[in-house]
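Following: one structure in structure tokens, then a few remarks.
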Amino acid sequence: MRNTVCVVQQESDLTAKTNIPEAVCAFCLQRVLKWKLHRKVSKLPSETPYPGVSILKPLMGVDPNLFSNLETFFTMNYPVYELLFCIEDKSDPAIMIVMQLIQKYPTVSSRLFTGGSVVGVNPKINNMQPGFTAAKYDLILISDSGIRMKEDTLLDMVSCMTEGVGLVHQMPFTCDRDGFAATLEKVYFGTAQARIYLAADLLRVNCHTGMSALIRKALIDEVGGIQAFSCYLAEDFFLAKSLKERGWRMCISSQPAWQNSGVCEINSFQARLTRWTKLRVAMVPSTILLEPLSECVVIGACASWAVWFLFSWDPLVFYLVHVLVWFLLDWILLSIIQNGSLPFNKFDFVMGWLFRECCSPYLYLHALWDPAIRWRERTYRLKWGGVAEELKPKVKV
Ligand SMILES: CCCCCCCC/C=C\CCCCCCCC(=O)N[C@@H](CO)[C@H](O)/C=C/CCCCCCCCCCCCC
Ligand SMILES: O=c1ccn([C@@H]2O[C@H](COP(=O)(O)OP(=O)(O)O[C@H]3OC[C@@H](O)[C@H](O)[C@H]3O)[C@@H](O)[C@H]2O)c(=O)[nH]1
């Protein structure tokens with residue numbers, strides 16, 4: 001009997017010890033993130049003229065949401081901007097959609113560039129090159145095809161471009177969409193990736209993901225234009241690295257990037273995550289070790305072993321409490337980033353969270369096992385350091 005009481009006592013002590021610092025963390029996290037991610041956009045001081053922004057939209061193919069996503073760029077509440085649509089393939093059906101929008105909004109300054117220009121390996125850069133050369137404003141916004149803007153998103157980004165800041169990027173997140181794949185994407189971007197992204201931003205580590213980034217054009221011109229980064233597939237990472245090396249800061253804007261691709265499938269999402277892992281492994285090899293350590297199940301196992309070894313605490317109880325607390329913190333983080341009601345219930349969240357946690361080791365090992373990178377229609381191989389080469393499709397005789 002004494003033993004049982006002792007064990008129960010030990011367990012509740014353990015739970016309390018594990019919970020207090022994490023509860024404090026949760027509270028602080030909530031306060032800081034509310035401020036960081038959802039502060040009100042203050043208009044620029046009236047005496048400062050709004051800087052013009054050239055918005056580069058590299059497009060490839062169409063999906064059911066493309067028209068409405070692109071339309072949000074025509075209806076933004078920002079006084080001076082131009083839209084530069086870039087489409088490599090002259091028979092791409094995206095051309096029709098862009099033409100319809102240009103006709104629908106004749107007062108918005110917009111142009112279409114087709115054919116691209118081969119300046120290197122990176123197809124996104126090749127596609128954007130003509131638009132970049134024609135851009136007339138001092139700020140460039142590179143914005144991927146699946147991104148949706150709110151009326152004040154551009155203003156929000158521009159207002160973050162303060163002195164000393166060279167690049168303002170948006171933390172990847174997703175719009176509300178139906179289905180399990182959409183839940184999975186929201187859970188991933190709102191928990192596992194958001195945690196690292198925000199920590200990296202706090203510690204000023206380069207984690208720039210280039211789906212929506214506002215950059216001072218002069219800083220890109222200084223190194224020879226976007227083509228200077230065309231030997232890499234991860235042009236976003238190297239562009240940010242180059243700015244940092246020249247003493248410029250990067251910051252996250254207060255709105256996340258609202259990804260709203262019309263194709264929302266588990267396979268394509270996982271293929272994208274695997275592609276990103278391959279990029280990170282080649283560019284920052286230390287992530288081979290660090291990435292697994294940033295996972296709940298792995299770090300939990302290590303910590304449980306450590307507390308058993310050091311303090312003789314029950315590792316199983318510690319592990320279960322760790323997973324529970326991690327799970328709750330993830331829920332809090334996701335809710336803060338969403339800043340409103342989530343489009344799914346708690347059961348869907350549990351399913352999405354468990355699915356991601358279980359698939360993550362598989363995706364990671366898969367990325368290490370098969371280094372070939374498939375991006376849209378092409379396949380590449382990365383050298384250590386991140387320089388890419390395209391693997392030409394074999395010609396059948
Ligand atoms: C004991 C725990 C240590 C935690 C270390 C965390 C290791 C990194 C884990 C996951 C990486 C997620 C990176 C964030 C998003 C990257 C998305 C992405 O891959 N985007 C690519 C395509 O657009 C892009 O080219 C890559 C950009 C950045 C890659 C940089 C990776 C290093 C990140 C290291 C962050 C450390 C933060 C410190 C946390 C304590
Ligand atoms: O061959 C291509 C592939 C892609 N693209 C364009 O590049 C943008 C990003 O493409 P995807 O949506 O397929 O890829 P991701 O969302 O994974 O991109 C992300 O990862 C790779 C980085 O280089 C990108 O900057 C980043 O946005 C889109 O706007 C797409 O239209 C091209 O113009 N040509």
Side-chain angles (χ1 to χ4, degrees), residues 56-63 66 69-70 85-89 92 94 113-114 116 118 121-131 142-147 169-172 174 185 188-189 191-213 226 229-230 232-241 250 252 257 259-263 268-269 271-296 298-300 302-303 360 363-364 367 373-380 382 386 388 390:
L56 288 172
K57 292 292 298 177
L59 306 179
M60 191 182 208
V62 293
D63 68 51
L66 187 67
N69 289 342
L70 294 183
F85 295 97
C86 305
I87 302 178
E88 187 193 332
D89 182 353
D92 194 320
F113 300 85
T114 56
V118 181
V121 180
N122 187 313
K124 178 176 163 183
I125 292 211
N126 291 343
N127 192 4
M128 289 191 299
Q129 178 66 22
I142 297 180
S143 172
D144 284 358
S145 51
I147 298 294
H169 54 128
Q170 292 193 286
M171 184 176 79
T174 58
E185 285 197 20
Y188 172 74
F189 285 111
T191 62
Q193 197 184 96
R195 175 188 323 130
I196 297 294
Y197 216 84
L198 292 166
D201 178 63
L202 188 72
L203 302 172
R204 306 227 165 139
V205 175
N206 177 9
C207 65
H208 170 227
T209 292
M211 61 184 65
S212 179
I226 48 171
F229 306 100
S230 61
Y232 307 111
L233 277 194
E235 81 296 331
D236 44 2
F237 177 80
F238 289 98
L239 173 58
K241 184 166 176 265
M250 303 189 299
I252 297 185
Q259 300 174 81
N260 189 40
S261 164
V263 179
S268 58
F269 175 57
R272 189 171 176 225
L273 294 189
T274 308
R275 171 161 54 82
W276 287 0
T277 305
K278 291 175 187 181
L279 296 180
R280 294 195 296 271
V281 164
M283 297 182 308
V284 192
S286 56
T287 63
I288 297 176
L289 191 68
L290 290 178
E291 290 219 20
L293 279 182
S294 70
E295 292 291 335
C296 169
V298 179
I299 194 92
C302 298
S360 154
L363 295 180
Y364 173 77
I373 294 183
R374 274 163 286 279
W375 190 14
R376 302 283 181 118
E377 289 159 4
R378 302 180 176 96
T379 308
Y380 305 86
L382 289 192
E390 189 179 346

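In listed order, ligands and their atoms are each counted from 1.
The backbone N or O of Asp144 sits less than 3.5 Å from a side-chain atom of Lys57, completing a donor-acceptor pair.
Regarding atom 9 (C) of ligand 2, its nearest protein heavy-atom neighbour is Asp144 OD2, 3.2 Å.
For Asn206, the heavy-atom gap to ligand 1 drops under 4.0 angstrom.
The option from Asp144, Thr287, Thr209 that lies nearest to atom 20 (N) of ligand 1, judged by heavy atoms, is Thr209. With distances taken over non-hydrogen atoms, the option nearest atom 33 (O) of ligand 2 out of Asn127, Ile147, Leu59, Leu56 is Asn127. The heavy atom nearest to atom 21 (C) of ligand 1, out of those in Leu198, Asp236, Ile288, is found in Asp236. Considering only non-hydrogen atoms, atom 31 (O) of ligand 2 lies nearest to Pro58 out of Pro58, Ala257, Ala94. Looking at Trp276, Phe237, Phe229 and measuring to atom 19 (C) of ligand 2, the nearest heavy atom belongs to Trp276.
For the residue pair Thr174 / Glu185, no side-chain donor-acceptor distance below 3.5 Å is found, with atom types taken as modelled.
Backbone and side-chain nitrogen or oxygen atoms of Arg280 are examined, and one is located within less than 3.5 angstrom of a nitrogen or oxygen of ligand 1. Polar contact with ligand 1: absent for Glu291 (N/O pair, distance under 3.5 Å).
Residues Phe238 and Tyr232 bring their aromatic ring centres within 6.0 Å.
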